[in-house]
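Everything on this sheet refers to the single structure shown next.
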There are 2 protein chains.
Amino acid sequence: MRIGELAQASGTPIETIRFYEREGLLPAAARTEGKYRIYAPQHANRLAFIRQCRSLDMTLDEVRVLLRFKDQPLADCGEVNCLLDEHISHVAERIQALRALEKELRALRSACPVPHTAADCGILQGIDHAGAKPAAASKRHVRGAH
Amino acid sequence: MRIGELAQASGTPIETIRFYEREGLLPAAARTEGKYRIYAPQHANRLAFIRQCRSLDMTLDEVRVLLRFKDQPLADCGEVNCLLDEHISHVAERIQALRALEKELRALRSACPVPHTAADCGILQGIDHAGAKPAAASKRHVRGAH
DNA sequence: TGAAAACCCTGAAGTGGGTATAGAGTCAAG
DNA sequence: CTTGACTCTATACCCACTTCAGGGTTTTCA
(Lines give C-alpha, C1' and ligand atoms only; values in the text may rest on other atoms or scores of the structure.)
Protein backbone atom coordinates (compact mmCIF):
# COMPACT_ATOMS: atom_id res chain seq x y z
CA MET A 1 0.00 0.00 0.00
CA ARG A 2 1.10 3.56 -0.64
CA ILE A 3 1.40 6.27 1.98
CA GLY A 4 -2.01 7.83 1.31
CA GLU A 5 -3.71 4.52 1.74
CA LEU A 6 -1.88 3.88 5.00
CA ALA A 7 -2.77 7.38 6.17
CA GLN A 8 -6.43 6.75 5.39
CA ALA A 9 -6.46 3.33 7.04
CA SER A 10 -4.74 4.51 10.20
CA GLY A 11 -6.26 7.95 10.53
CA THR A 12 -2.78 9.46 10.52
CA PRO A 13 -1.75 12.46 8.41
CA ILE A 14 0.73 11.59 5.67
CA GLU A 15 3.27 14.07 7.02
CA THR A 16 3.10 12.41 10.41
CA ILE A 17 3.90 9.01 8.88
CA ARG A 18 6.94 10.47 7.17
CA PHE A 19 7.85 12.19 10.43
CA TYR A 20 7.73 8.86 12.30
CA GLU A 21 10.00 7.36 9.69
CA ARG A 22 12.50 10.20 10.09
CA GLU A 23 12.36 9.68 13.85
CA GLY A 24 13.09 6.00 13.50
CA LEU A 25 9.74 4.87 14.93
CA LEU A 26 8.73 3.31 11.64
CA PRO A 27 11.33 1.44 9.58
CA ALA A 28 12.10 2.95 6.19
CA ALA A 29 9.56 1.71 3.65
CA ALA A 30 10.44 -0.02 0.40
CA ARG A 31 10.29 2.23 -2.65
CA THR A 32 8.88 1.98 -6.15
CA GLU A 33 10.94 3.03 -9.16
CA GLY A 34 9.47 6.49 -8.79
CA LYS A 35 10.56 6.67 -5.12
CA TYR A 36 7.04 6.19 -3.74
CA ARG A 37 6.96 4.49 -0.35
CA ILE A 38 5.36 1.05 -0.31
CA TYR A 39 4.08 -0.37 2.97
CA ALA A 40 3.42 -3.92 4.13
CA PRO A 41 0.83 -4.92 6.76
CA GLN A 42 3.57 -4.97 9.43
CA HIS A 43 4.01 -1.24 8.94
CA ALA A 44 0.30 -0.70 9.45
CA ASN A 45 0.42 -2.71 12.68
CA ARG A 46 3.40 -0.83 13.97
CA LEU A 47 1.83 2.50 13.09
CA ALA A 48 -1.40 1.51 14.85
CA PHE A 49 0.64 0.66 17.95
CA ILE A 50 2.39 4.04 17.86
CA ARG A 51 -0.88 5.91 17.40
CA GLN A 52 -2.47 3.98 20.25
CA CYS A 53 0.43 4.94 22.52
CA ARG A 54 0.12 8.57 21.45
CA SER A 55 -3.61 8.49 22.15
CA LEU A 56 -2.57 7.35 25.64
CA ASP A 57 -0.51 10.55 25.77
CA MET A 58 2.86 8.86 25.87
CA THR A 59 5.92 10.70 24.57
CA LEU A 60 7.68 9.40 21.49
CA ASP A 61 10.57 8.36 23.75
CA GLU A 62 8.18 6.21 25.76
CA VAL A 63 6.85 4.74 22.55
CA ARG A 64 10.41 3.96 21.50
CA VAL A 65 10.88 1.96 24.70
CA LEU A 66 7.70 -0.03 24.15
CA LEU A 67 8.60 -0.71 20.52
CA ARG A 68 11.99 -1.98 21.64
CA PHE A 69 10.22 -4.56 23.82
CA LYS A 70 7.91 -5.55 21.03
CA ASP A 71 11.00 -6.21 18.96
CA GLN A 72 12.56 -8.35 21.71
CA PRO A 73 9.79 -10.82 22.59
CA LEU A 74 12.00 -12.77 25.02
CA ALA A 75 12.98 -9.80 27.16
CA ASP A 76 11.52 -9.37 30.63
CA CYS A 77 8.67 -6.85 30.47
CA GLY A 78 9.28 -5.40 33.95
CA GLU A 79 10.45 -2.15 32.42
CA VAL A 80 7.19 -1.90 30.49
CA ASN A 81 5.27 -2.18 33.73
CA CYS A 82 7.48 0.50 35.29
CA LEU A 83 7.04 2.82 32.36
CA LEU A 84 3.29 2.51 32.60
CA ASP A 85 3.29 3.01 36.36
CA GLU A 86 5.31 6.18 35.99
CA HIS A 87 3.13 7.42 33.18
CA ILE A 88 0.04 6.83 35.31
CA SER A 89 1.67 8.78 38.14
CA HIS A 90 2.40 11.69 35.86
CA VAL A 91 -1.17 11.76 34.63
CA ALA A 92 -2.52 11.58 38.19
CA GLU A 93 -0.21 14.40 39.27
CA ARG A 94 -1.30 16.51 36.36
CA ILE A 95 -4.95 15.96 37.24
CA GLN A 96 -4.29 17.12 40.80
CA ALA A 97 -2.44 20.20 39.59
CA LEU A 98 -5.20 21.08 37.14
CA ARG A 99 -7.84 20.63 39.83
CA ALA A 100 -6.00 23.08 42.07
CA LEU A 101 -5.68 25.42 39.12
CA GLU A 102 -9.38 25.21 38.32
CA LYS A 103 -10.25 26.06 41.90
CA GLU A 104 -7.94 29.04 41.83
CA LEU A 105 -9.38 30.24 38.53
CA ARG A 106 -12.96 29.92 39.78
CA ALA A 107 -12.11 31.93 42.88
CA LEU A 108 -10.54 34.58 40.69
CA ARG A 109 -13.56 34.59 38.38
CA SER A 110 -15.94 35.17 41.28
CA ALA A 111 -14.13 38.43 42.04
CA CYS A 112 -15.82 40.06 39.04
CA PRO A 113 -19.39 38.75 38.78
CA VAL A 114 -20.54 41.72 36.66
CA PRO A 115 -18.39 43.67 34.14
CA HIS A 116 -17.04 47.03 35.32
CA THR A 117 -14.21 49.17 34.05
CA ALA A 118 -10.83 47.47 33.84
CA ALA A 119 -9.58 49.62 36.70
CA ASP A 120 -12.24 48.16 39.01
CA CYS A 121 -12.09 44.59 37.68
CA GLY A 122 -11.71 42.15 40.52
CA ILE A 123 -9.99 39.67 38.23
CA LEU A 124 -7.20 42.01 37.17
CA GLN A 125 -6.81 43.13 40.78
CA GLY A 126 -6.83 39.55 41.95
CA ILE A 127 -4.00 38.60 39.62
CA ASP A 128 -2.03 41.60 40.83
CA HIS A 129 -2.36 40.81 44.50
CA ALA A 130 -2.08 37.04 44.41
CA GLY A 131 1.05 35.59 45.92
CA ALA A 132 3.13 33.78 43.31
CA LYS A 133 2.40 30.09 43.32
CA PRO A 134 4.98 27.62 42.02
CA ALA A 135 2.36 25.97 39.83
CA ALA A 136 3.77 26.40 36.36
CA ALA A 137 7.40 26.37 37.43
CA SER A 138 8.16 22.67 37.66
CA LYS A 139 9.15 20.57 34.71
CA ARG A 140 6.22 18.43 33.91
CA HIS A 141 5.71 15.27 32.01
CA VAL A 142 2.02 15.88 31.49
CA ARG A 143 1.06 18.97 29.58
CA GLY A 144 -0.77 21.96 31.02
CA ALA A 145 -4.04 23.40 29.85
CA HIS A 146 -3.30 24.46 26.27
CA MET B 1 17.69 47.45 39.35
CA ARG B 2 19.61 45.32 36.88
CA ILE B 3 18.25 42.25 35.18
CA GLY B 4 19.80 39.76 37.61
CA GLU B 5 18.24 41.53 40.55
CA LEU B 6 14.83 41.54 38.86
CA ALA B 7 15.25 37.86 38.02
CA GLN B 8 16.07 37.09 41.66
CA ALA B 9 13.21 39.20 43.00
CA SER B 10 10.62 37.71 40.63
CA GLY B 11 11.86 34.16 40.47
CA THR B 12 12.14 34.42 36.70
CA PRO B 13 15.15 33.31 34.69
CA ILE B 14 17.06 36.20 33.10
CA GLU B 15 16.59 34.76 29.62
CA THR B 16 12.85 34.67 30.16
CA ILE B 17 12.80 38.36 31.06
CA ARG B 18 14.66 39.19 27.86
CA PHE B 19 12.29 36.91 25.99
CA TYR B 20 9.26 38.78 27.37
CA GLU B 21 10.83 42.05 26.25
CA ARG B 22 11.37 40.68 22.73
CA GLU B 23 7.76 39.51 22.71
CA GLY B 24 6.50 42.94 23.72
CA LEU B 25 5.08 41.81 27.06
CA LEU B 26 7.55 43.95 28.97
CA PRO B 27 8.41 47.42 27.65
CA ALA B 28 12.05 47.89 26.66
CA ALA B 29 14.13 48.78 29.69
CA ALA B 30 16.35 51.86 29.98
CA ARG B 31 20.05 51.15 29.44
CA THR B 32 23.29 52.14 31.14
CA GLU B 33 26.29 53.37 29.15
CA GLY B 34 27.45 49.78 28.90
CA LYS B 35 24.04 48.68 27.50
CA TYR B 36 22.91 46.96 30.72
CA ARG B 37 19.15 46.98 31.21
CA ILE B 38 17.87 49.07 34.14
CA TYR B 39 14.43 48.35 35.56
CA ALA B 40 12.02 50.48 37.56
CA PRO B 41 9.46 49.09 40.06
CA GLN B 42 6.74 49.27 37.38
CA HIS B 43 8.63 46.66 35.41
CA ALA B 44 8.72 44.39 38.45
CA ASN B 45 4.97 44.78 38.91
CA ARG B 46 4.25 44.03 35.29
CA LEU B 47 6.55 41.02 35.34
CA ALA B 48 4.87 39.72 38.49
CA PHE B 49 1.50 40.02 36.73
CA ILE B 50 2.78 38.09 33.73
CA ARG B 51 4.27 35.36 35.90
CA GLN B 52 1.07 35.07 37.89
CA CYS B 53 -0.89 34.62 34.67
CA ARG B 54 1.58 32.00 33.50
CA SER B 55 1.29 30.17 36.81
CA LEU B 56 -2.46 30.13 36.04
CA ASP B 57 -1.46 28.37 32.80
CA MET B 58 -2.57 31.13 30.48
CA THR B 59 -0.93 31.47 27.09
CA LEU B 60 1.15 34.55 26.33
CA ASP B 61 -1.62 35.68 23.97
CA GLU B 62 -4.08 35.55 26.84
CA VAL B 63 -1.62 37.49 28.98
CA ARG B 64 -1.34 40.08 26.21
CA VAL B 65 -5.11 40.58 26.34
CA LEU B 66 -5.10 41.04 30.10
CA LEU B 67 -2.17 43.47 29.93
CA ARG B 68 -4.04 45.49 27.32
CA PHE B 69 -6.89 45.89 29.80
CA LYS B 70 -4.54 46.87 32.58
CA ASP B 71 -3.22 49.56 30.26
CA GLN B 72 -6.74 50.83 29.48
CA PRO B 73 -8.29 51.29 32.94
CA LEU B 74 -11.50 52.80 31.55
CA ALA B 75 -12.32 49.95 29.19
CA ASP B 76 -15.14 47.55 29.99
CA CYS B 77 -13.72 44.38 31.48
CA GLY B 78 -16.33 42.03 29.99
CA GLU B 79 -13.73 40.52 27.70
CA VAL B 80 -11.57 39.74 30.72
CA ASN B 81 -14.44 37.81 32.26
CA CYS B 82 -14.97 35.93 28.98
CA LEU B 83 -11.32 35.07 28.67
CA LEU B 84 -11.30 33.65 32.16
CA ASP B 85 -14.51 31.70 31.60
CA GLU B 86 -13.07 30.12 28.47
CA HIS B 87 -9.81 29.34 30.20
CA ILE B 88 -11.68 27.66 33.03
CA SER B 89 -13.61 25.60 30.47
CA HIS B 90 -10.42 24.47 28.83
CA VAL B 91 -8.96 23.42 32.15
CA ALA B 92 -12.12 21.56 33.12
CA GLU B 93 -12.17 19.77 29.77
CA ARG B 94 -8.55 18.78 30.14
CA ILE B 95 -9.24 17.36 33.60
CA GLN B 96 -12.05 15.24 32.20
CA ALA B 97 -9.86 13.99 29.36
CA LEU B 98 -7.03 13.12 31.73
CA ARG B 99 -9.40 11.29 34.07
CA ALA B 100 -10.59 9.12 31.19
CA LEU B 101 -6.99 8.57 30.21
CA GLU B 102 -5.99 7.56 33.73
CA LYS B 103 -8.80 5.03 33.85
CA GLU B 104 -7.71 3.56 30.54
CA LEU B 105 -4.09 3.38 31.64
CA ARG B 106 -5.00 1.65 34.91
CA ALA B 107 -7.04 -0.93 33.04
CA LEU B 108 -4.09 -1.52 30.74
CA ARG B 109 -1.72 -1.80 33.68
CA SER B 110 -3.86 -4.45 35.33
CA ALA B 111 -3.34 -6.67 32.29
CA CYS B 112 0.21 -7.42 33.44
CA PRO B 113 0.25 -7.72 37.24
CA VAL B 114 3.53 -9.68 37.28
CA PRO B 115 6.41 -9.31 34.78
CA HIS B 116 6.64 -11.97 32.05
CA THR B 117 8.42 -11.99 28.74
CA ALA B 118 7.59 -9.15 26.37
CA ALA B 119 5.79 -11.61 24.09
CA ASP B 120 3.34 -12.48 26.88
CA CYS B 121 3.03 -8.99 28.34
CA GLY B 122 -0.61 -8.07 28.72
CA ILE B 123 0.24 -4.40 28.39
CA LEU B 124 1.92 -4.70 25.01
CA GLN B 125 -0.90 -6.96 23.85
CA GLY B 126 -3.47 -4.56 25.22
CA ILE B 127 -2.03 -1.66 23.25
CA ASP B 128 -2.04 -3.80 20.13
CA HIS B 129 -5.66 -4.85 20.39
CA ALA B 130 -7.22 -1.67 21.70
CA GLY B 131 -9.51 0.14 19.30
CA ALA B 132 -8.16 3.57 18.40
CA LYS B 133 -9.67 6.24 20.60
CA PRO B 134 -9.82 9.84 19.42
CA ALA B 135 -8.27 11.01 22.69
CA ALA B 136 -5.10 12.73 21.55
CA ALA B 137 -6.44 13.80 18.19
CA SER B 138 -8.27 17.01 19.04
CA LYS B 139 -6.58 20.37 19.16
CA ARG B 140 -6.37 21.32 22.77
CA HIS B 141 -5.84 24.50 24.64
CA VAL B 142 -4.73 22.74 27.80
CA ARG B 143 -1.64 20.58 27.57
CA GLY B 144 -1.60 16.80 27.90
CA ALA B 145 0.35 14.79 30.40
CA HIS B 146 3.97 15.71 29.63
C1' DT C 1 46.78 49.21 39.88
C1' DG C 2 45.62 45.12 37.80
C1' DA C 3 43.59 40.80 37.35
C1' DA C 4 40.04 37.73 38.25
C1' DA C 5 35.30 36.88 39.10
C1' DA C 6 30.74 37.99 38.45
C1' DC C 7 27.66 39.98 35.72
C1' DC C 8 25.62 41.27 31.31
C1' DC C 9 25.04 41.61 26.07
C1' DT C 10 23.31 39.82 21.20
C1' DG C 11 21.97 36.43 18.02
C1' DA C 12 21.09 31.92 16.74
C1' DA C 13 19.72 27.26 17.47
C1' DG C 14 17.28 23.60 20.03
C1' DT C 15 13.13 21.45 22.54
C1' DG C 16 8.49 18.13 21.24
C1' DG C 17 5.37 16.47 18.20
C1' DG C 18 4.01 17.49 14.70
C1' DT C 19 1.77 20.91 10.70
C1' DA C 20 2.18 23.62 6.54
C1' DT C 21 4.32 25.19 2.66
C1' DA C 22 6.94 25.34 -1.96
C1' DG C 23 8.37 23.34 -5.91
C1' DA C 24 9.11 19.36 -8.21
C1' DG C 25 8.34 14.51 -9.86
C1' DT C 26 5.11 10.19 -10.78
C1' DC C 27 1.20 7.79 -12.16
C1' DA C 28 -3.57 6.47 -13.77
C1' DA C 29 -7.67 7.64 -16.39
C1' DG C 30 -9.86 9.62 -20.25
C1' DC D 1 -1.31 13.42 -24.46
C1' DT D 2 -3.15 15.98 -21.04
C1' DT D 3 -5.26 16.50 -16.75
C1' DG D 4 -5.54 15.79 -12.05
C1' DA D 5 -4.54 13.05 -8.12
C1' DC D 6 -0.92 11.49 -5.78
C1' DT D 7 3.78 11.60 -3.97
C1' DC D 8 8.54 13.29 -3.21
C1' DT D 9 12.18 16.32 -0.55
C1' DA D 10 13.43 20.18 2.02
C1' DT D 11 12.34 23.82 4.71
C1' DA D 12 9.88 26.80 7.92
C1' DC D 13 6.52 27.29 11.50
C1' DC D 14 3.95 26.54 16.20
C1' DC D 15 4.71 27.65 21.76
C1' DA D 16 7.22 29.27 25.63
C1' DC D 17 10.95 29.14 26.59
C1' DT D 18 16.18 27.24 27.21
C1' DT D 19 20.82 26.82 25.85
C1' DC D 20 24.79 28.08 23.61
C1' DA D 21 28.67 30.71 21.55
C1' DG D 22 31.36 34.50 21.76
C1' DG D 23 31.91 38.41 23.30
C1' DG D 24 31.68 43.14 26.56
C1' DT D 25 31.14 45.49 31.42
C1' DT D 26 31.47 46.05 36.21
C1' DT D 27 32.82 44.84 40.76
C1' DT D 28 35.86 42.95 44.05
C1' DC D 29 39.92 41.90 46.13
C1' DA D 30 44.96 41.36 46.51
Side-chain angles (χ1 to χ4, degrees), chain A residues 1-26 28-39 47 50-65 67 87 90 135-146, chain B residues 1-26 28-39 47 50-65 67 87 90 135-146:
Chain A
M1 67 200 317
R2 299 201 306 199
I3 197 167
E5 214 175 332
L6 179 59
Q8 199 76 20
S10 65
T12 309
I14 290 176
E15 301 82 8
T16 301
I17 296 175
R18 290 196 281 244
F19 169 75
Y20 288 159
E21 181 181 316
R22 270 201 309 283
E23 291 293 302
L25 291 159
L26 281 176
R31 300 290 183 122
T32 65
E33 282 184 13
K35 297 192 177 179
Y36 282 21
R37 289 175 179 80
I38 294 296
Y39 293 98
L47 178 57
I50 295 167
R51 296 301 279 180
Q52 185 62 27
C53 290
R54 290 290 301 133
S55 88
L56 294 173
D57 225 343
M58 295 175 190
T59 63
L60 293 189
D61 273 345
E62 287 170 328
V63 179
R64 266 181 264 270
V65 171
L67 285 172
H87 185 47
H90 288 310
S138 69
K139 291 178 184 176
R140 46 189 176 216
H141 176 61
V142 176
R143 293 194 289 277
H146 297 282
Chain B
M1 65 198 318
R2 298 200 309 198
I3 197 169
E5 214 175 331
L6 178 59
Q8 198 76 21
S10 66
T12 309
I14 289 175
E15 301 81 9
T16 302
I17 296 175
R18 288 196 282 243
F19 168 76
Y20 288 159
E21 180 180 317
R22 269 202 308 284
E23 290 293 303
L25 291 159
L26 280 176
R31 300 291 183 120
T32 66
E33 281 184 12
K35 297 191 178 179
Y36 282 22
R37 289 175 180 82
I38 294 296
Y39 293 98
L47 178 56
I50 295 167
R51 296 302 277 178
Q52 183 62 28
C53 290
R54 290 291 300 131
S55 87
L56 294 172
D57 226 342
M58 295 175 189
T59 63
L60 294 188
D61 273 345
E62 288 170 327
V63 179
R64 265 181 264 269
V65 172
L67 284 173
H87 185 46
H90 288 310
S138 69
K139 289 178 185 176
R140 48 188 175 219
H141 174 62
V142 175
R143 293 193 289 278
H146 297 282

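As the structure is a computational prediction, the values presented were derived from the model and not from experiment. Hydrogens, waters and symmetry mates are skipped; everything else that's a heavy atom, side chains included, is used. Order of the sequence lines fixes the chain letters, A, B, ..., with proteins taken first and strands second; residue numbering starts at 1 for each chain.
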Original post:
Has B:Arg31 got a side-chain N or O lying under 4.0 Å from the OP1 or OP2 atom of C:dT10?
Top reply: yes

Subject >> B:Tyr36 vs D:dG24: side-chain N/O to OP1/OP2 distance below 4.0 Å >> reply: no

Original post:
Counting side-chain heavy atoms from C-beta on, which of D:dC17, C:dC27, C:dC9 comes nearest to A:Thr32?
Top reply: C:dC27

Original post:
Does A:Arg37 make a side-chain N or O approach to OP1 or OP2 of D:dT9 shorter than 4.0 Å?
Top reply: yes

Subject >> Euclidean distance, atom CD of residue B:Glu23 to atom P of D:dA16 [Å, nearest integer] >> reply: 9 Å

Subject >> Rounded interatomic separation in angstrom, taking CD from A:Glu5 and P from C:dC27 >> reply: 16 Å

**OP:** Can you tell me the distance, in whole Å, between the CD1 atom of A:Ile14 and the P atom of C:dA20?
**Re:** 13 Å

Original post:
Can a side chain N or O of A:Tyr20 be found less than 4.0 Å away from OP1 or OP2 on C:dG18?
Top reply: yes

Original post:
Is the distance from OP1 or OP2 of D:dT9 to the nearest side-chain N or O of A:Arg18 less than 4.0 Å?
Top reply: no

Original post:
Under 4.0 Å: is that the gap between some side-chain N or O of B:Thr16 and OP1 or OP2 of D:dA16?
Top reply: no

Original post:
5'-most contact on DNA chain D: A:Gly34 or B:Lys35, nearest heavy atom basis?
Top reply: A:Gly34

**OP:** Would you give the length of the straight line joining atom CG of B:Leu25 to atom CZ of B:Arg51, rounded to the nearest 0.5 angstrom?
**Re:** 11.0 Å

Subject >> Separation between OG of B:Ser10 and CD1 of B:Ile17, rounded to the nearest 0.5 Å >> reply: 4.5 Å

Original post:
Roughly, in whole Å, what's the span from CD1 in B:Ile17 to C1' in C:dC8?
Top reply: 12 Å

**OP:** Specify the separation, in whole Å, of atom CG of B:Leu26 and atom C1' of D:dC17.
**Re:** 14 Å

Original post:
Would you say the side chain of A:Leu60 lies within less than 4.5 Å of the side chain of A:Phe19, judging by non-hydrogen atoms?
Top reply: yes

Original post:
Roughly, in whole Å, what's the span from CD in A:Glu15 to P in D:dC13?
Top reply: 17 Å

Subject >> Neighbour count above 12 (heavy atom, 6.0 Å) for A:Glu23 CD >> reply: yes

Original post:
Taking atom P of C:dT19 as reference, at what distance in whole Å does atom CZ of A:Phe19 sit?
Top reply: 9 Å

**OP:** Report the residue from B:Thr32, B:Ile38, B:Ile14 that forms a side chain to side chain contact (heavy atoms under 4.5 Å, CB included) with B:Arg2.
**Re:** B:Ile38

Subject >> Nearest to side-chain heavy atoms of A:Arg51, which nucleotide of C:dC8, D:dA16, C:dG18 >> reply: C:dG18

Original post:
Side-chain N or O of A:Arg64 less than 4.0 angstrom from OP1 or OP2 on C:dG17?
Top reply: no

**OP:** Round to the nearest Å and state the distance from A:Arg2 atom CZ to C:dG25 atom P.
**Re:** 18 Å

